[in-house]
Amino acid sequence: MNRIVLSATDLHVTFPSLRGRSEVRAVDGVDLEVRDGEILALVGASGSGKTTLSRALLGLERPTSGEVTALGKRLPTGGAELRRYRRRVQLVMQDPAGALNPKHSVYESVAEGIRLHRLVAEHNARGEDVTEVDLVARALSNAGLRPPEQFFLSYPHELSGGQRQRVLIAGALAVEPETIIADEPVASLDASLRGEILGLFLRLREQMRLSVMVVTHDLGLAWNIADRVAVMQSGRLVEVGTTEEVLLNPQHPYTRELLAALPSGQHRTGHEPAMKESEG
Ligand SMILES: Nc1ncnc2c1ncn2[C@@H]1O[C@H](COP(=O)(O)OP(=O)(O)OP(=O)(O)O)[C@@H](O)[C@H]1O
């Protein structure tokens, strides 16, 4: 079995009650593993706790109880160790969530993480003669923005939705992570761009052996790219298995409900053909 890169054990995140309402158990006893080189889809309806679980896995939300580990080591709670951890597990948000600073050029956006984690010095210490420009260009190119120099001085408003999403992915790739958590990475894109971005994730998994956890309410997306699917309802994982097991032979009524809500026949006929990345 592949090595486990990220795991949650009996994880709970509870938000305190507000104005007389009862407390919210956003994550309520979750056990989950992300394995080396796999694409795992975390699916569930709005409010099921997907974002809170992701934030806890990223070290952005402190669990009420339970444990998050990366490569067998417990998630650090602060300081330089947490910064190093955040480099290994990168978040890719969707662009309309304001993830790109409109005042930053593409170069500045991608260079930010490289500077924060002092990657040029790290490469140089290993005897690699690279500059910041080289690392920014490499990340953009890996995200399918080629030739990369052409994008350096562009600003978000000058780019298409798909290109902006690729800049966000390049920013994550720039710090050379092992795992990417992508929160609804294609929700705002039209069908052909969705295919391209999903194809990019598949290629990154193949070429860079990245592990990817895709957070989505879209079972069609899970079918297209995921090796395994975890289904979340009211803070709990109600079903976890291979994509075929979960989507073709769902065991839990909630998974069946989500499948029934898909446009007719979509989950049986295999949706679109396998994703291909046009520029990749
Ligand atoms: N900071 C917070 N304070 C209080 N309650 C919160 C907080 N963040 C999330 N919640 C609640 O926790 C529950 C899970 O929310 P979460 O955003 O994790 O779900 P989700 O599945 O990601 O939803 P969506 O797909 O809409 O983003 C919801 O009931 C939400 O209202």
Side-chain angles (χ1 to χ4, degrees), residues 39 41 50-51 54-55 58 60 86-87 89-117 119-120 130-177 179-208 210 212-218 220-221 224-225 272-280:
I39 299 184
K50 306 181 298 297
T51 299
S54 309
R55 287 177 53 80
L58 286 155
L60 297 171
R86 291 217 182 112
R87 175 181 161 193
V89 184
Q90 281 285 305
L91 173 67
V92 173
M93 297 201 325
Q94 57 169 307
D95 168 55
L100 275 179
N101 185 333
K103 294 189 181 137
H104 283 182
S105 67
V106 167
Y107 183 93
E108 289 166 70
S109 290
V110 176
E112 202 177 311
I114 294 172
R115 289 173 194 161
L116 180 71
H117 296 288
L119 289 190
V120 176
V130 291
T131 63
E132 183 181 280
V133 174
D134 295 331
L135 295 182
V136 171
R138 189 186 296 173
L140 288 171
S141 182
N142 282 334
L145 292 169
R146 302 188 196 115
E149 294 78 12
Q150 242 177 42
F151 294 90
F152 279 0
L153 299 180
S154 303
Y155 283 82
H157 72 271
E158 298 169 318
L159 302 173
S160 69
Q163 287 171 333
R164 285 199 295 271
Q165 196 62 53
R166 284 175 192 269
V167 174
L168 286 168
I169 294 169
L173 293 179
V175 301
E176 300 158 14
T179 307
I180 281 185
I181 297 183
D183 197 349
E184 299 284 7
V186 296
S188 62
L189 303 176
D190 67 34
S192 73
L193 287 176
R194 288 163 61 94
E196 282 186 24
I197 298 293
L198 296 181
L200 173 61
F201 281 118
L202 285 172
R203 183 167 65 78
L204 293 173
R205 187 263 297 273
E206 290 309 315
Q207 292 180 355
M208 306 173 89
L210 264 183
V212 184
M213 184 171 104
V214 183
V215 181
T216 182
H217 64 276
D218 180 353
L221 182 158
N224 271 315
I225 68 163
E272 302 144 49
M275 291 296 160
K276 291 274 183 293
E277 201 201 350
S278 60
E279 297 161 45

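Residue indices begin at 1 and follow the sequence shown.
Applying the side chain to side chain donor-acceptor pair (under 3.5 Å) rule to H217 yields the partners E184; only residues at least two apart in sequence or on another chain are considered. For A139, the side chain to side chain contact (heavy atoms under 4.5 Å, CB included) partners are V110, A170, A174, not counting sequence neighbours. Scanning for side chain to side chain donor-acceptor pair (under 3.5 Å) contacts around S154 gives an empty result, with sequence neighbours left out. In terms of the salt bridge (Lys or Arg N to Asp or Glu O under 4.0 Å) criterion, residue partners of R115 (sequence neighbours excluded) are, by chain and number, E132. Legend: residues meeting side chain to side chain contact (heavy atoms under 4.5 Å, CB included) with E112, ordered by chain and number and at least two apart, are H104. Under the rule for a side chain to side chain donor-acceptor pair (under 3.5 Å), the partners of R55 that lie at least two apart in sequence or sit in another chain are E61.
Once rounded to the nearest 0.5 Å, the distance linking CG of L210 with CD1 of I180 reads 5.0 Å. Atom CG of residue L145 and atom CZ of residue R164 lie 12.5 Å apart, to the nearest 0.5 angstrom. Atom OG1 in T216 sits 9.0 Å away from atom CG in D183 (nearest 0.5 Å). Between L198 atom CG and I225 atom CD1 the span is 5.0 Å, to the nearest 0.5 Å. With rounding to the nearest 0.5 angstrom, the CD1 atom of I197 is 6.0 Å from the CG atom of L189. Between the CZ atom in R138 and the CD1 atom in I114 there is a gap of 9.0 Å [rounded to 0.5 Å].
Annotation: side chain of V167 is not in contact with side chain of P156 (no heavy-atom distance under 4.5 Å). Counting only heavy atoms from C-beta outward, the side chains of M213 and T179 never approach each other to under 4.5 Å. You'll find the side chain of L204 reaches within 4.5 Å of the side chain of I169, heavy atoms only. Two residues are said to be in side-chain contact when any heavy atoms from C-beta on lie closer than 4.5 Å; Y107 and L140 fail this criterion. V92 places none of its side-chain heavy atoms less than 4.5 Å from the side chain of I181. Here the side chains of F151 and R146 are not in contact, with every heavy-atom distance at 4.5 Å or above. L221 places a side-chain heavy atom less than 4.5 Å from the side chain of V186.
Of all heavy-atom pairs spanning V106 and L159, the tightest one is CG2-CD1, 3.7 Å. What you find for Y155 and P102 is that their closest heavy atoms are CD2-O, 3.6 Å. Nearest approach of S109 to L100, heavy atoms of both residues: OG-CD2, 3.9 Å.
Judged by distance alone, with hydrogens and angles left aside, the side-chain atoms of S54 form a donor-acceptor pair with the main-chain N or O of K50 at under 3.5 Å. At least one donor-acceptor pair under 3.5 Å links the side chain of Q90 to the backbone N or O of R86. For D190 (side chain) and L193 (main-chain N/O), a donor-acceptor pair under 3.5 Å exists by modelled atom type. With hydrogens and angles ignored, the 3.5 Å screen pairs no side-chain donor or acceptor of Q165 with any backbone N or O of R194.
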R87 vs E176, test: side chain to side chain contact (heavy atoms under 4.5 Å, CB included). Steps then yes/no. CA-CA 7 Å; R87 175 181 161 193; E176 300 158 14; 3.6 Å; yes
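Between R166 and E196 there is a salt bridge, with a side-chain nitrogen of the basic residue lying less than 4.0 Å from a carboxylate oxygen of the acidic one.
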